[in-house]
Engineer: 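After the C-alpha cells below, expect a handful of questions from me.
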Amino acid sequence: MKIQKFKKRIGLIGFGCVGQGLYDIVAANPHLGLEIGRICVKDKDKPRTLPAAAFTFDVQEVLQDTSLDILAELISEPDEALKIIRAALQQGKTIVSANKKVIAENLPEFISLQQRYGGVLLYEASVCGSIPILRTLEAYYGSEPLLEVRGVLNGSSNYILSKLHQEKVGYAAALEQAQALGFAEADPALDVEGIDALHKLCIVAAHAYGLLVHPSQVLHFGISHITAEAIDLADAVGARIKLVGTIRSDNAGNVSLQVIPTLVVAEDALYDVEAEFNGVEVNAQFAGQQFLKGRGAGSHPTGSAVWADISAAVRGYRYTYPKLCVTNASVVQPEEPITVLLHAPQSLTALLGSLQPIAVHKTEVSNQVIVKVQQEKLLEHQELLKEQGVFVAHLPESMPLAPVLEKFTAVTALLV
Ligand SMILES: NC(=O)c1ccc[n+]([C@@H]2O[C@H](COP(=O)([O-])OP(=O)(O)OC[C@H]3O[C@@H](n4cnc5c(N)ncnc54)[C@H](OP(=O)(O)O)[C@@H]3O)[C@@H](O)[C@H]2O)c1
C-alpha cells in the first residue's frame, strides 16, 4: 500500500460562505493530508478572518501555481467562474466547483474539455449542498434505469414556503429572513424564480439519465408570485406547497423535466422537508424508492461536499457519466395534461384563452382557478404567466381533485 508523505495543496478561489466553510474543515483535519495552499478573493478592503498575507487578488497566481494539486472554485460571479473552470480544464488540472449555474449551462463543454486535456471536474456541492446525490447516481445507479428523480432542490424557497405555512408571515418578510440567514443566493431571483432548482435538475439529468439538457428547454415556475390564498388552499386540503423539481421517464424511455410549486400531501417523502433542508427521492426500476434528505446550503454543509470532492479527486475519482454513452432517451414535453392552480393579480380570462385548458374550475377566490391543461401549453406561455404575476402550482394526479374542490363551497366546474 502506497503511503502519502506530503499534503495535497488546495488553491482556494473564493473565501465567502462556502470557501470559509471548506477552510474550517480542512484546518480542523490536518491529519487527512490536505492543506490550503493559496486563497484568491476579489475585494482588497474587506475584513478577513486570516492575515492579509494569506490572500492574493490575482486569480492567475492560483491558476499558474504548479505547487497546487487541486483547485476549488467557490466564487459568486458566474462569468468569472466559467473562465476559471475553463482555464483549469484546458491545463488538464483538477478542479471542484459549487457553481450550479455555470455547471448546468456549460456541462457539454466541460465534459469535452476533460476528455481532451485529461483534467477532472467534480461538483457535488452544486446540487443540494451536503446531500451526496451525484455520486450516488453515478456510482450506485450508473446502470439501473430510473423511473423518476424528484426533489426539493432549493433551500431558500423551501425556507420561505415553510415560513408561509407555519407562521403565516408575508412573502417579503420570509424572503428577508432567508437572506438574513444566508440561505438565499447573492441574487435571490435565482432562488425564488425556480432557476437555481432548474440548474440543479439539469445537472442531475446528466448523471441520472445521461441527458445533457440546457436549462432554457425546461418548464419552470418559482414561488415569487405566491399568495396567501394559495397557501390557505393547500392547508385546507392537508397539503404543503413545495418547489419540486422532477425528472421522469415514460414507457418509451423519453424523459421530461419540470420545476414547479406543487401541493405535496403528508404521505409524500417531500412533505417533511422543511426550512433550508433539501430532499431527493430516487425511484429506480429494480431498487424501488429511496430518499435522501439533508442541508442544502450553508457554510459547513456545503464546505463538506466540496471537501468530499477534493478527497475523492485526490484518490483518483472522476465522473464517468455512465449513462451518457448508452442513452437513447430524448427530452420530451409529456402528452398527458396536468392540473394546476392559477392565481393572478388580475383577470385570467385572456390567459385562459391562450392556455386553452381542457377544464376550468373557479374557486371562491377571485382570479383563482384550477385548470387541466396540456403541459406544452404551459411551456409555451410560461413567460407570459410570469410577466403577469400569476402563481402556478401543480396538483399532482395522486391528489384526487374532488376532495380539493369540495373544500371550496363556491367552486363551480366549467367545461370549456
Ligand atoms: N452559500 C451556500 O450555501 C451555497 C450552497 C451551494 C452552492 N453554493 C455556490 O457556491 C459558490 C460560492 O457561494 P458563496 O455563498 O460562498 O458566495 P459568497 O459568500 O458571496 O462568497 C463569494 C466569494 O467569491 C469571491 N469572489 C467573487 N468574485 C471573485 C472574483 N472575480 N475573483 C476572485 N474571487 C471572487 C468573493 O471575494 P470577496 O471575499 O473579496 O468578496 C468571496 O470571497 C456559488 O457558486 C454558489 O452558488 C453556495
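Sequential numbering from 1 along the given sequence is applied to the chain's residues. Every number for a ligand or one of its atoms is a count from 1 in the order of the listing.
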Engineer: Which ligand 1 atoms are under 4.0 Å away from a heavy-atom of Arg48?
Structural biologist: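 Close to Arg48: 38 (P), 39 (O), 40 (O).
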Engineer: Does Glu281 pair with Lys293 as a salt bridge, N-O distance under 4.0 Å?
Structural biologist: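 Salt bridge between Glu281 and Lys293, a charged N being under 4.0 Å from a carboxylate O: no.
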Engineer: For the residue pair His207 and Tyr319, categorise the inter-ring angle as parallel (less than 30°), tilted (30 to 60°) or perpendicular (more than 60°).
Structural biologist: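 Correct class here is perpendicular.
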Engineer: Between Ile13, Ile75, Asn99, flag the one that comes closest to atom 11 (C) of ligand 1 by a heavy atom.
Structural biologist: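 Considering heavy atoms of Ile13, Ile75, Asn99, the nearest to atom 11 (C) of ligand 1 sits in Ile75.
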Engineer: With nothing but distance in play, are any N or O atoms of Gly296 less than 3.5 Å from an N or O of ligand 1?
Structural biologist: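 Not met; the criterion fails.
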Engineer: Examine Ser126 against ligand 1 and note whether any of their N/O atoms are separated by less than 3.5 Å.
Structural biologist: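 The answer is no, given that Ser126 and ligand 1 share no N or O pair closer than 3.5 Å.
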Engineer: Under the salt bridge (charged side-chain N to carboxylate O under 4.0 Å, His left out) rule, what pairs show up with a residue in residues 200-216, not counting sequence neighbours?
Structural biologist: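 For residues 200-216, and leaving out neighbouring residues, the salt bridge (charged side-chain N to carboxylate O under 4.0 Å, His left out) pairs sorted by first residue read Asp196-Lys200.
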Engineer: Hey, is Lys101 touching ligand 1 through its side chain, its backbone, both or neither, going by heavy atoms under 4.0 Å?
Structural biologist: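 Lys101 to ligand 1: no contact under 4.0 Å from either part.
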Engineer: Does a salt bridge link Glu138 with Arg135, judged by any charged N lying under 4.0 Å from a carboxylate O?
Structural biologist: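 Salt bridge between Glu138 and Arg135, a charged N being under 4.0 Å from a carboxylate O: no.
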Engineer: Who pairs with Asp65 by salt bridge (Lys or Arg N to Asp or Glu O under 4.0 Å), at least two apart in sequence or on another chain?
Structural biologist: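 Applying salt bridge (Lys or Arg N to Asp or Glu O under 4.0 Å) to Asp65 gives Arg38.
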Engineer: Do any heavy atoms of Gln20 fall under 4.0 Å from ligand 1?
Structural biologist: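 No; Gln20 lies far enough from ligand 1 that no heavy-atom distance drops under 4.0 Å.
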Engineer: Which bit of Glu80 is near ligand 1, meaning a heavy atom under 4.0 Å away: side chain, backbone, both or neither?
Structural biologist: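 Only the side chain of Glu80 comes within reach of ligand 1.
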Engineer: Are Arg48 and Phe15 in a cation-pi setup, meaning NZ or CZ lies under 6.0 angstrom from the ring centre and within 45 degrees of the ring axis?
Structural biologist: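 Ring-cation test returns no.
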Engineer: Which option, Leu12, Ile84, Val41, Asp79, owns the non-hydrogen atom nearest atom 33 (C) of ligand 1?
Structural biologist: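 Selected option, by shortest heavy-atom distance: Val41.
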Engineer: Closer than 4.0 angstrom: is that true for some heavy atom of Gly298 and an atom of ligand 1?
Structural biologist: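 Contact check Gly298 vs ligand 1: positive.
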Engineer: Output the list of atoms in ligand 1 that are nearer than 4.0 Å to some heavy atom of Ala297, sorted by atom number.
Structural biologist: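 Listed by number with element: 3 (O).
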Engineer: So if I count the atoms of ligand 1 from 1 in the order they appear, which ones are less than 4.0 Å from some heavy atom of Asp43?
Structural biologist: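 In order of numbering, the contacting atoms are 38 (P), 40 (O).
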Engineer: Between Glu77 and Lys42, does any side-chain N to carboxylate O distance fall below 4.0 Å?
Structural biologist: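 Yes, Glu77 and Lys42 are salt-bridged.
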Engineer: For the 3.5 Å polar cut-off, considering only N or O atoms, please tell me whether Gly16 and ligand 1 meet it.
Structural biologist: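 Among all N and O atoms of Gly16, at least one is under 3.5 Å from an N or O of ligand 1.
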Engineer: Have a look at ligand 1 and work out which part of Ala125, if any, has a heavy atom under 4.0 Å from it: side chain, backbone, both or neither.
Structural biologist: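 Backbone only; the side chain of Ala125 stays clear of ligand 1.
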Engineer: Would Lys100 and Tyr123 count as a cation-pi pair here, with the cationic atom under 6.0 angstrom from the ring centre and within 45° of the axis?
Structural biologist: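 Cation-pi check for Lys100 and Tyr123: fails.
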Engineer: Any idea which part of Glu124 is under 4.0 Å from ligand 1, heavy-atom wise: side chain, backbone, both or neither?
Structural biologist: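 Looking at Glu124 and ligand 1, no heavy atom falls under 4.0 Å.
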Engineer: Please list, in number order, the atoms of ligand 1 under 4.0 Å from a heavy atom of Phe15.
Structural biologist: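 Every atom of ligand 1 under 4.0 Å from some heavy atom of Phe15: 23 (C), 42 (C), 43 (O).
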Engineer: Using the rule given for side chain to side chain donor-acceptor pair (under 3.5 Å), can you reason through Gln290 versus Tyr141, listing the C-alpha separation, both sets of side-chain angles and the distance that settles it, and then say yes or no?
Structural biologist: CA-CA 11 Å; Gln290 291 179 346; Tyr141 291 116; 2.3 Å; yes
Engineer: Where on Leu74 is there a heavy atom closer than 4.0 Å to ligand 1, on the side chain, on the backbone, on both, or on neither?
Structural biologist: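 Backbone only; the side chain of Leu74 stays clear of ligand 1.
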Engineer: Do Lys7 and Asp69 meet the salt-bridge criterion of a basic N to acidic O distance under 4.0 Å?
Structural biologist: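 The answer is no: the pair does not qualify as a salt bridge.
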